[in-house]
Protein chains: 2
Amino acid sequence: MVIERLPKPLRQQQLLKIIEENPFVTDQELTRQLKVSIQTIRLDRMELGIPELRERMKQMAERSLDQVRSLPLDEVIGEVIDLQLDKSGISIFEIREEHVFSRTGIARGHHIFAQANSLAVAVINNEIALTASADIRFVRSVQLGEKCIAKAYVRSMSGKKGKAKVEVFTYVGEEMVFQGNFLIYRSTGEEYSEGVSQHENRD
Amino acid sequence: MVIERLPKPLRQQQLLKIIEENPFVTDQELTRQLKVSIQTIRLDRMELGIPELRERMKQMAERSLDQVRSLPLDEVIGEVIDLQLDKSGISIFEIREEHVFSRTGIARGHHIFAQANSLAVAVINNEIALTASADIRFVRSVQLGEKCIAKAYVRSMSGKKGKAKVEVFTYVGEEMVFQGNFLIYRSTGEEYSEGVSQHENRD
DNA sequence: CAATAATTAGAACCAGGTACTAATATGTAG
DNA sequence: CTACATATTAGTACCTGGTTCTAATTATTG
């Protein structure tokens, strides 16, 4: 093995570090910093699975684009296909390009949450319904193109004002991908005062 | 002037729009969409001051890099203003028209959740970080125009892979409006398999 | 010493351009 | 109708930052 010019694994580690803290470095510059030929640099990149400069920039650019695309989700998430007020409800939400991380195709958590939350709120038959708290589990990741079917069940109610417990399960086919317990605050709408929060029913 | 092949200013406007909604388009593709020669496309880009594809990608990549400097400025909802990996982070998110119920001006829960969730994920210094579960409370409702300041603290970590507990508090001014405990699954990225979920870290 | 691993060299090729020159429409004003 | 101006297209040379492939040259080690 090499002894003078720094052992290979060590050099590769350095290469990794250099690129990590400056992704815009060219192979040309790397030869200067690591004192090896450009071919060696390229072999190293290959072995380490590091793409070329342009590909690295492209990936970063895509990531920054994702940020912009993720914001404009205002309306109620998912399509409600069944609703029995104060009892249960079902909604469908298909994962599209704008809902996933472009690199992995995995859906962003807040979209899955949003569908469930929207449904939990919709199922409550009050002028105003806001999520007070929630306890949620992402059972498995959801991929681009998958159809999420959320089912909500009202587990308990306390009077015309007060709180309601709603349980939501989200499925892709037979598989459960998400589960959550929502505590929904219900009000007639006279005042949306303190000690409570998020979300009302219908727009 | 041209009459058949669509007047120049109109074509340039279209070009601008196409690039705006898909910055990754090549001149080659633009010729197909606008039905003019590649030279015309390039003259148009010149006149409009639109740089070439690679330059556009580079700029996007740079922007995403120096927003928080260092890579981990992910798919964060809200603007990250401080980030100490594996320790803590702060982000700001202003509630605008598109985030509220039009009738009441109350912010929809999933936006508040999204900010907190994004930050909880961003603060974890791993290739992939996904929300496994969360326990959240909406303390009080947030109104249109209010600035939400989310603060995340890593409470515990278990090795390089495994789970991390992150606590997030969101404030409007002095008031706490949201609080959540997130269990984040961390992985090196070899496989984003089962039994886990949402959200990854860096690209 | 021969076999193996690591490194270097070099040439061909590629995408997605820039820069520049020149020819060819297409109008429009006089 | 002609002259001139503006638009559009064509074509070539060149650039960066690579990939791919073949081959030669150094170690290194068993």
Side-chain angles (χ1 to χ4, degrees), chain A residues 1-66 68 102-103, chain B residues 1-66 70-71 189 202-203:
Chain A
M1 299 278 164
V2 196
I3 28 172
E4 278 293 28
R5 339 165 163 67
L6 187 58
K8 187 177 171 181
L10 236 156
R11 185 192 58 226
Q12 293 193 338
Q13 239 187 308
Q14 290 203 354
L15 185 141
L16 209 66
K17 216 182 84 186
I18 293 173
I19 291 183
E20 199 158 321
E21 62 190 37
N22 176 20
F24 298 102
V25 70
T26 63
D27 288 0
Q28 198 60 248
E29 266 197 52
L30 287 165
T31 62
R32 276 198 17 260
Q33 294 192 41
L34 296 177
K35 304 285 182 194
V36 287
S37 73
I38 202 159
Q39 282 80 358
T40 303
I41 296 292
R42 287 169 179 169
L43 280 173
D44 282 354
R45 268 202 299 104
M46 274 218 178
E47 287 179 21
L48 296 172
I50 300 172
E52 60 166 299
L53 168 59
R54 285 162 181 163
E55 192 52 39
R56 296 198 298 271
M57 295 199 305
K58 189 180 177 185
Q59 285 177 13
M60 297 177 69
E62 272 170 351
R63 197 183 51 192
S64 88
L65 195 64
D66 286 343
V68 185
S102 50
R103 193 169 64 84
Chain B
M1 296 280 163
V2 197
I3 28 173
E4 278 295 26
R5 337 164 162 69
L6 186 59
K8 187 178 172 181
L10 235 156
R11 184 193 58 226
Q12 293 193 337
Q13 238 187 309
Q14 290 202 355
L15 187 140
L16 209 65
K17 215 182 85 188
I18 293 173
I19 292 183
E20 199 159 322
E21 62 190 39
N22 176 18
F24 298 101
V25 70
T26 63
D27 288 359
Q28 198 60 249
E29 267 197 52
L30 287 166
T31 63
R32 276 199 15 262
Q33 295 193 41
L34 297 176
K35 305 286 184 196
V36 287
S37 74
I38 203 159
Q39 282 81 359
T40 304
I41 296 292
R42 285 168 181 172
L43 280 173
D44 282 354
R45 271 203 297 103
M46 273 219 179
E47 287 180 21
L48 296 171
I50 300 172
E52 60 165 302
L53 168 60
R54 285 161 180 166
E55 193 52 38
R56 296 198 299 271
M57 295 199 304
K58 190 180 175 185
Q59 284 177 13
M60 295 177 71
E62 274 171 349
R63 202 183 47 190
S64 90
L65 192 64
D66 56 37
S70 141
L71 322 187
R202 49 158 316 217
D203 217 348

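All values below were derived from every heavy atom in this structure, side-chain atoms included, with hydrogens, water molecules and symmetry-related copies excluded. Residue numbers begin at 1 in each chain, while the letters A, B, ... track the order of the sequences.
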Between C/dA6 (P) and A/I38 (CD1): distance, integer Å: 21 Å
Whole Å only: how far is the CD atom of B/Q12 from the C1' atom of D/dT8? 13 Å
Are any of B/T26's side-chain N or O atoms less than 4.0 Å away from OP1 or OP2 of C/dG16? no
Audit row: A/R45, A/E55, salt bridge (charged side-chain N to carboxylate O under 4.0 Å, His left out) steps and yes/no: CA-CA 13 Å; A/R45 268 202 299 104; A/E55 192 52 39; over 6 Å; no
Using a heavy-atom cut-off of under 4.0 Å over every strand shown, decide if A/M46 touches base, sugar-phosphate, or nothing. sugar-phosphate
Any side-chain heavy-atom pair from A/R54 and A/K58 closer than 4.5 angstrom? no
Taking CG from B/D44 and C1' from C/dG17, how many angstroms apart are they, rounded to a whole number? 16 Å
C/dT7 phosphate, OP1 or OP2, under 4.0 Å from A/R11 side-chain N/O: yes
Rounded distance (Å) that lies between atom C1' of C/dT7 and atom CG of A/L30: 16 Å
Where the side chain of A/K8 is concerned, which of C/dT18, D/dT8, C/dA6 is the nearest nucleotide? C/dA6
B/S37 side chain, from C-beta outward: closest of C/dT8, D/dT9, C/dT18: D/dT9
Any idea which of C/dG17, C/dG10, D/dG18 is nearest the B/L53 side chain? C/dG17
Those residues that, when tested against B/T26, pass side-chain hydrogen bond (donor to acceptor under 3.5 Å, both in side chains) (two or more places apart): none
Integer-rounded Å distance: D/dT16 C1' and B/E55 CD: 12 Å
From CD1 of B/I19 across to C1' of C/dG16 the rounded distance in Å is 13 Å
In whole angstroms, the gap separating C1' of D/dA7 from CZ of B/R42 amounts to 17 Å
Once you round it to whole Å, what is the distance between C1' of C/dA15 and NZ of A/K58? 11 Å
Select base, sugar-phosphate, or nothing to describe what A/L43 touches, counting heavy atoms under 4.0 Å on all strands. base
Is a side-chain donor or acceptor of B/R56 paired with a backbone partner of B/V25 at a separation under 3.5 angstrom? yes
Answer with yes or no whether B/R54 presents, from its side chain, a donor or acceptor under 3.5 Å of a partner atom in the base of C/dG17. no
Just wondering, are more than 12 heavy atoms of other shown residues or ligands nearer than 6.0 Å to CD in B/Q28? no
Could a donor-acceptor pair under 3.5 angstrom be found where the side chain of B/Q39 meets the base of D/dG11? yes
Taking any heavy-atom pair under 4.0 Å as a contact, classify A/R45: base, sugar-phosphate, or nothing. sugar-phosphate
When you measure from the side chain of A/E52, which nucleotide among D/dT19, C/dT8, C/dG17 comes out closest? D/dT19
